[in-house]
Number of protein chains: 2
Amino acid sequence: MTAPTALFRALADRTRLRIVNLLARGSLCVCDLQQILGQPQSSVSRHLALLKSAGLVADRRDGLWVFYALTAWDTPLARGVLAALRDHLAGEADYRRDADALSRLRLRGACHLERRRRPASRPAPRRAPARLEA
Amino acid sequence: MTAPTALFRALADRTRLRIVNLLARGSLCVCDLQQILGQPQSSVSRHLALLKSAGLVADRRDGLWVFYALTAWDTPLARGVLAALRDHLAGEADYRRDADALSRLRLRGACHLERRRRPASRPAPRRAPARLEA
DNA sequence: CTATTATATCCGCATATCCGAATGTTGAGG
DNA sequence: CCTCAACATTCGGATATGCGGATATAATAG
């Protein structure tokens, strides 16, 4: 269980709030997050590492991809904060735009590059991983 | 209404969490906070100014004293976050110690120096101000 | 007016944070 | 083995933050 200051510090950044907002819709690989956020990959990875160290997200490797998912709904503090945050962000235009971009990306197939590397020979990475416990 | 990042940034500091925890028990003047926190006055004032700019507290002057009070229960995000935070801090020993110190300080008269300056001639500053709307 | 008390703000200074570019690492394919 | 793609980490620099001491402001008492 992380200290409350670590939780709030992790959420005290706009890019990380955008990530949390997106992961609230289901787990995502880094490249898709990068696509939606429009930021350099090192930045996305760094923010994800910070969220992970704060206990807010967990990562799971699947081949070349690493999928991140929200994982803090089990501690009461994080659950309360994330619930309040989710309700609030639903009313903010910027975050809604991100959610829309995610929907569009999912429609034309998540992991925007996967079709280049997986010519329909393999089941392709799962979009909604069953469980995360890291 | 402050941006969510400002709210979380304001809460991403241990001293400020201690202040919020204390103010959740009612409004307090700076000198009493300083007494309980055991930190230099400039530090307490600086943290209070930051909390104020984040919209979490309001100040009200009464003679020489300035009383601070939590004031963010009106926005849904802040209310949700503060509620979750209050429940969480109730279980952390350090913050409970602060609450105990506040109780003791109230027993022997809040505003620990007031009796030196108010020899029972004036009603003395109120401990629980009726309403704050800053 | 002066003195005193409470609080706010300023000043360096140390440290932390954020960023993008560059480099490392890992896993799949050939 | 080598190559490539996804991701992680490191690097250097700009900016932000937290801190205590010093100083400024505000209000009250005399």
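Chain letters run A, B, ... following the sequence lines, proteins first, then strands; residues in each count from 1.
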Flag, side chain of A:R60 to backbone of A:V66, donor-acceptor distance under 3.5 Å: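 No, because the side chain of A:R60 does not come within donor-acceptor range (under 3.5 Å) of the backbone of A:V66.
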Exam field: side chain A:S53 to backbone A:L50, donor-acceptor pair closer than 3.5 Å: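 Checked: pair present.
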Distance, rounded to the nearest Å, where [X] contributes [atom1] and [N] contributes [atom2]:
{"X": "B:R14", "N": "C:dT15", "atom1": "CZ", "atom2": "C1'", "value": "19 Å"}
{"X": "A:D59", "N": "D:dA6", "atom1": "CG", "atom2": "C1'", "value": "13 Å"}
{"X": "A:L33", "N": "D:dA6", "atom1": "CG", "atom2": "P", "value": "14 Å"}
{"X": "B:F67", "N": "D:dA27", "atom1": "CZ", "atom2": "P", "value": "15 Å"}
{"X": "B:L28", "N": "C:dA6", "atom1": "CG", "atom2": "P", "value": "15 Å"}
{"X": "B:L48", "N": "C:dT9", "atom1": "CG", "atom2": "C1'", "value": "14 Å"}
{"X": "A:D62", "N": "D:dA6", "atom1": "CG", "atom2": "C1'", "value": "12 Å"}
{"X": "B:R9", "N": "D:dA16", "atom1": "CZ", "atom2": "C1'", "value": "8 Å"}

Side-chain N or O of B:Y68 closer than 4.0 Å to phosphate OP1/OP2 of C:dA8: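 For C:dA8, OP1/OP2 do have a side-chain N/O of B:Y68 under 4.0 Å.
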side-chain hydrogen bond (donor to acceptor under 3.5 Å, both in side chains) involving A:Q34 - partner list, sequence neighbours excluded: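 Not a single residue meets the side-chain hydrogen bond (donor to acceptor under 3.5 Å, both in side chains) criterion with A:Q34.
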Sequence-distant partners of A:R18, salt bridge (Lys or Arg N to Asp or Glu O under 4.0 Å), two or more places apart: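 Counting only residues at least two positions away or on another chain, A:R18 forms a salt bridge (Lys or Arg N to Asp or Glu O under 4.0 Å) with A:D98.
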Residue met sooner reading DNA chain C from 5', once B:Q34 and A:L50 are mapped to nucleotides: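 Comparing both residues, the 5'-ward one is B:Q34.
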A:L17 side chain reached by A:N21 side chain, heavy atoms, under 4.5 Å: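 No. Closest side-chain heavy atoms not under 4.5 Å.
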Nucleic acid footprint by protein, nucleotides 19-26 of chain C - heavy-atom cut-off 4.0 Å, B for base, S for sugar-phosphate alone: BBBB----
Geometric cation-pi criterion A:R86 and A:Y95, 6.0 Å radius, 45° cone: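 Ring-cation test returns no.
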